[in-house]
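Just below is one structure, and these are the notes that go with it.
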Amino acid sequence: MKSFFHVSDIGDLGVALEEARQVKATPYAWKHLGEDKTIMLVFFNSSLRTRLSSQKAALNLGMNPIVLNIGQDSWKLETEMGVVMDGDKSEHLREAIPVMTSYCDLIGIRSFAGLQDRAFDYSETVLRQFVEYGGKPVISLESATVHPCQAFADLITIEEYRKKKRPKVVLTWAPHPRALPQAVPNSFAEWMNAADVDFVITHPRGYELDSAFAGNAPVEYDQMKALEGADFVYAKNWSCPGVTDPAQYGQILSKDMGWTVDAAHMAVTNNAYFMHCLPVRRNMIVSDEVIDAPTSLVIPEAANRAVSAQVVMKRMLESL
Ligand code: CP
């Protein structure tokens, strides 16, 4: 595996889920693979789960992880080509990337969407430069439009907790005080469309996800109707993807607290499990009673981030 951005990069999902089960059962069985190998984990943005689970996965495989926080541990980096660098950014990615990859065998990148320029974000400008100038396998640790390690962990969690062969999975938008990227819902939709589940998306009008990720998944604008009979409820906020009106890209169109997932919402489901990628704003995205209920999977879901990361790194090491 040379890159991990999309569900297509992981191949057959049944095979990947079985590999995840084995990795979870015997995490140290492939410790020889990472001997004398180094992974660099580059963070342009904050992280708790991704940072820790990626390091844990690397250590389980016997690899040396190096973590770099751009702008804190390093110089601030310019990401756009052709600019006059007379601001506060001292180094360009064009030089920094080959330098960084000269010290490692694999590289993971966290680089959020700026939410200012849809074309810049949706062309994954930063991630593509790591592919082009790095020459080493690249993992998206949440880039402008995708968060595949999260979506793979979400699928592993659904596989572990499903009570029927083809569960109903609902992705619901929920309110948030700040404008957030679409990477998590994009990847969740992409992965659920490829999985053996009945997948439904619900959000207020204007929040339609890019069709490259939403595919043909049904969109139900009535949240309660969408949640009826759900086996898994996956809540997430995202800002306007700019599909119906590009001028609104990255904007907050609604803060309707009626979309907060609470007990009344869960009551119409099939005693559904609640999921969220974390970090989560309590009583904005989800009520305390729902996230604290025994049916909340947010902790096992986060724990599975180390499993999904380890499967991806294992495959990359095997193909070096
Ligand atoms: N879910 C997730 O990626 O968490 P962090 O932002 O803390 O890494």
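Excluded from the calculations below are hydrogen atoms, water molecules and symmetry mates; all remaining heavy atoms, backbone and side chain alike, are included. Computed from a predicted structure; not experimentally measured. All ligand and atom numbering here is 1-based and tracks the order in the structure.
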Give the intermediate values and the outcome of ring pair (Phe, Tyr, Trp, His ring centres under 6.0 Å) for residues Y221 and H203. CA-CA 6 Å; Y221 295 105; H203 53 70; 5.6 Å; yes

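Between D196 and the options K164, R162, K165, a salt bridge (charged side-chain N to carboxylate O under 4.0 Å, His left out) holds for only K165. Between K24 and the options E159, E160, E18, a salt bridge (charged side-chain N to carboxylate O under 4.0 Å, His left out) holds for only E160.
Checked by distance only, ligand 1 and S47 come closer than 3.5 Å through their nitrogen or oxygen atoms. Any N or O atom pair closer than 3.5 Å counts here, and R51 shares no such pair with ligand 1.
Close approach of ligand 1 to R305 is summarised as follows: ligand atoms under 4.0 Å from at least one heavy atom of the residue are 1 (N), 2 (C), 3 (O). Close contacts between ligand 1 and H147 involve ligand atoms 2 (C), 3 (O) [criterion: under 4.0 Å to a heavy atom]. The L48 neighbourhood of ligand 1 comprises atoms 5 (P), 7 (O), 8 (O), with distances under 4.0 Å to a heavy atom of that residue. Of all atoms in ligand 1, listed by their number and element, those nearer than 4.0 Å to a heavy atom of C277 are 1 (N).
For atom 6 (O) of ligand 1, the closest non-hydrogen atom of the protein is R110 NH1, 2.7 Å. Regarding atom 4 (O) of ligand 1, its nearest protein heavy-atom neighbour is R49 NE, 2.9 Å.
One N or O on the side chain of D105 and one on the backbone of T38 form a donor-acceptor pair closer than 3.5 Å. A distance-only check finds no donor-acceptor pair linking the side chain of Y234 to the backbone of F188 [under 3.5 Å].
Residues M313 and S54 have side chains in contact (heavy-atom distance under 4.5 Å, counting atoms from C-beta outward).
Side-chain contact, D262 with H265: a donor N or O sits under 3.5 Å from an acceptor N or O.
Only backbone heavy atoms of L278 (N, CA, C or O) come within less than 4.0 Å of ligand 1; its side chain stays farther off.
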